[in-house]
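Proteins come first, then strands; the chains are lettered A, B, ... in the order of their sequence lines, and each starts at number 1.
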Number of protein chains: 2
Amino acid sequence: MESNTPLGRKVTVRDIAAACGVSRATVSLVLRDSPLVNKDTRARVEEELRRQGYVYNRAAANLRRRTSSSIALVINELANPFFAEFAAGVDDVVGEAGMVTLLGSSSESPQREQAVLGSLIEHGPGGIILSPAEGSDARQVLAAVGARTPLLVFNRELSGEQPEYAHWDSLALDNQQGAREATAHLIAQGHRRIAFFGGHGDSSSCRQRRAGYREAMKAVGFPMAPHWEVECLPTRLDAARCAEALFEADPAPTAAVCYNDAVALGLMHGLAERGLAPGQDFALTGFDDIAEAALATPSLTTLAAAPRARGRQAAQMLLQRLRDPDAEARRIVAPVKLVIRASSCPPLA
Amino acid sequence: MESNTPLGRKVTVRDIAAACGVSRATVSLVLRDSPLVNKDTRARVEEELRRQGYVYNRAAANLRRRTSSSIALVINELANPFFAEFAAGVDDVVGEAGMVTLLGSSSESPQREQAVLGSLIEHGPGGIILSPAEGSDARQVLAAVGARTPLLVFNRELSGEQPEYAHWDSLALDNQQGAREATAHLIAQGHRRIAFFGGHGDSSSCRQRRAGYREAMKAVGFPMAPHWEVECLPTRLDAARCAEALFEADPAPTAAVCYNDAVALGLMHGLAERGLAPGQDFALTGFDDIAEAALATPSLTTLAAAPRARGRQAAQMLLQRLRDPDAEARRIVAPVKLVIRASSCPPLA
DNA sequence: CTGAAAGCGCTTACAG
DNA sequence: CTGAAAGCGCTTACAG
């Protein structure tokens, strides 16, 4: 690893070729593990590569070969553990494929998302995985990334999506099925007055989860009261603040399907402040199965979205697309799994 | 944005130059906002760039200019919210500087870290931010990245670090000061028998926090019992399991400084299982100020490391280094801030 | 203010 | 099996 080369200049194939008395082409063939090159020549070149501390310049190779060795990953909110896990899963698979992840974060702003996509696309990623900011628009995204680079949309739909974007793959969670199962579970535990708590009607995931909730309630013919659908920001703090809205009118619900775990944990907090013991006096379910769902008191029945596995899956889908650009678009809706932890929703007394 | 170009070929400066009847050099000058070019010519070229949907090829430009427009970020555990926040902070600043983040995750494995560094370095990042895997070795890292690319070490020390790595910048948290303040706070609340709970002696952050704890105890002359220093994995689950170790011998502590918030939350769980009400029967402090510290019951007094701010700071330090490669290395130890939430450590009755 | 030429570090046919 | 030549898409002196 020691280098005789002055720090000012990078070692290139030319240096190696000169030192070995071969052509640059030969060095290139060695680098690319070509079987064409003589065993002894290869050994000599490899020794010299090591000796001079040669570092392959993949950008130059990509330019010449017109290939890419990167995948762009644009996340709406990287600080959110769900998306952080997702990103980790993507990066696992991208790394295994010998490629590198170009990271971008939009902070839930479609404007930032535009800027980030514009910047990343100039680096020539082979494909893009986009977890859209809320309100992100399909036309804007197309304008930013062009039609040449395969794109996979994760988790949310883009607004205004038209048939001309049908070539984009997508991977989403089956929000509706999940919320349906959670609601059915609470019903099976004996609840009739069940609320849907948290989230925002603007978001497609919230709309889908609500639809699943309503579907399950309708399936058994239970009525729903308007004040049982409470909107709040998808944060603990706001959920805690909004808890009382559930009890403002009669009849009050005895259970709630929550938009996600953060909201459910916040609701627990809000219930406790009203003197209600979550789990005992009021049953609830979450969505996501974040780490603390299992460790909260009471532990939380929730829907596992397996974000790391989804990240791996998204990356695999995109790599598949790079191999076969003309295959029909795949729109996968991954099922979520109900994780029953009795303490947050025991049988109704 | 509509493109007349067949999908098979990318639009290049050559296409734009031909369409406008100017040379490629002129197009290049327009792209780089040079004041040299005539106003009308510029307008014509810009219109044509838009018309053909030109996308700048930054890799080609970087090759020619021998510059870089990326920063590599290698994280030991991206799924950990602390590091996810850190990564988000890094990416904010990198993006603001018009650069792009190359992401890598080592999953706490020095071997994976080596592989990831080796892969990222081939993409020619301008600099590297490394949050080392536990046990990562300075010589190995140097072998993987070479001496040419500036590196900033975050959060942990590399093992076997020698004077020859003194050119690496570093940003760490003042673990010792933080633990000292937490311990002093518990002492001020009236505790004398204070434990240090959780973490692993292999990790430098754990050793530093323990040192701060001991220092504070010694400063007031309080004795420490060996069974008050309990090791466990830095996870809730293991912390809950290890809680009883605190009570195996007499005298039992009345409070604990915990290695981090996850461990503190786990300890709360373990205390509750033993019939002790955390906060009332046993005081404790955390470290990190993760989101649920404020919302746990009882809410947790802890030390705020502000990971997002640290990410921004790390990126700024590295960008500064790129501007001034020969400046002396900076080794910054960022203070952490005690966030007092009385409910986890009220005055001792 | 604009153009012709050379070159960043690599790879790919094509000869030999 | 190896080498000479051309070229990926851009930028930079250097002329004019």
Hey, does A25(A) reach any base, or is it just sugar-phosphate, or nothing, if we go heavy atoms under 4.0 Å? base
Between the side chain of R310(A) and the main-chain N/O of G89(A), is any donor-acceptor distance below 3.5 Å? no
What I want to check is whether the side chains of N62(A) and S69(A) have a donor and an acceptor closer together than 3.5 Å. yes
The side chain of L63(B) is closest to which nucleotide in this list: dC1(C), dC8(D), dC8(C)? dC8(C)
R66(A) has its side chain closest, among dC8(D), dC1(C), dT12(D), to dC8(D)
CG/L78(A) to CZ/F83(B) distance, rounded to the nearest 0.5 angstrom? 13.5 Å
Between dG9(C) atom C1' and I16(A) atom CD1, what is the distance in whole Å? 13 Å
dG9(D) phosphate, OP1 or OP2: any side-chain N/O from R58(B) under 4.0 angstrom? no
From CG of L31(A) over to P of dG9(C), roughly how many Å is that when rounded to an integer? 14 Å
Nearest heavy atom decides the nucleotide; on that basis, is A60(B) or K39(B) closer to the 5' end of DNA chain C? K39(B)
Reading DNA chain C 5' to 3', what string of ( ), [ ], | and . shows its pairs, if Watson-Crick and G-U wobble pairs count only when both distances fall under 3.5 Å? |||.||||||||.|||
Tell me the interatomic distance from R64(B), atom CZ, to dG7(C), atom P, rounded to whole angstroms. 9 Å
For DNA chain D, find the residues of residues 114-126 of chain B with a heavy-atom distance under 4.0 Å and give them by number; none if there aren't any. none
Taken to the nearest whole Å, CZ/R24(A) to C1'/dA5(D) is 9 Å
Rounded to whole angstrom units, what separation is found between the CG atom of L36(A) and the P atom of dT2(D)? 9 Å
With a 4.0 Å limit, can you tell me whether R65(A) has a side-chain N or O closer than that to the phosphate oxygens OP1/OP2 of dC8(D)? no
Is S28(A) close enough to dC10(C) that one of its side-chain N or O atoms is under 4.0 Å from OP1 or OP2 there? no
Of dT2(D), dT11(C), dT2(C), the nucleotide closest to the side chain of A61(A) is dT11(C)
Just by distance, do the side chain of S107(B) and the backbone of S109(B) share a donor-acceptor pair under 3.5 Å? no
Quick check: does any side chain N or O of R308(B) sit under 3.5 Å from a backbone N or O of E85(B), one acting as donor and the other as acceptor? no
Among R50(B), Q52(B), R44(B), side chain to side chain donor-acceptor pair (under 3.5 Å) partner for E48(B): Q52(B)
Atom NZ of K10(A) and atom P of dG9(C): how far apart are they, to the nearest Å? 7 Å
Verify whether one side chain among E113(A) and S136(A) offers a donor that lies under 3.5 Å from an acceptor in the other. yes
Can you see if the side chain of S23(B) gets near the phosphate of dG3(C) - specifically, an N or O under 4.0 Å from OP1 or OP2? yes
Atom pair distance, as rounded to whole Å: CD in Q52(B) and C1' in dG9(D): 15 Å
Between S131(B) and N76(B), do the side chains contain an N or O donor and an N or O acceptor separated by less than 3.5 Å? yes
Rounded to whole Å, how long is the line connecting atom CZ of R42(A) with atom C1' of dC1(D)? 12 Å
In terms of the nearest nucleotide of DNA chain C, which residue is placed more toward the 5' end: N62(A) or R14(A)? R14(A)
Between V74(B) and L120(B), is any pair of side-chain heavy atoms under 4.5 Å apart? yes
T12(B) side chain: which of dC10(D), dT11(C), dA4(D) is closest? dC10(D)
Would a distance-only check, ignoring hydrogens and angles, find a side-chain to backbone donor-acceptor pair under 3.5 Å from R42(A) to S34(A)? yes
Options dT2(D), dT2(C), dG3(D), nucleotide nearest the side-chain atoms of T41(B): dT2(C)
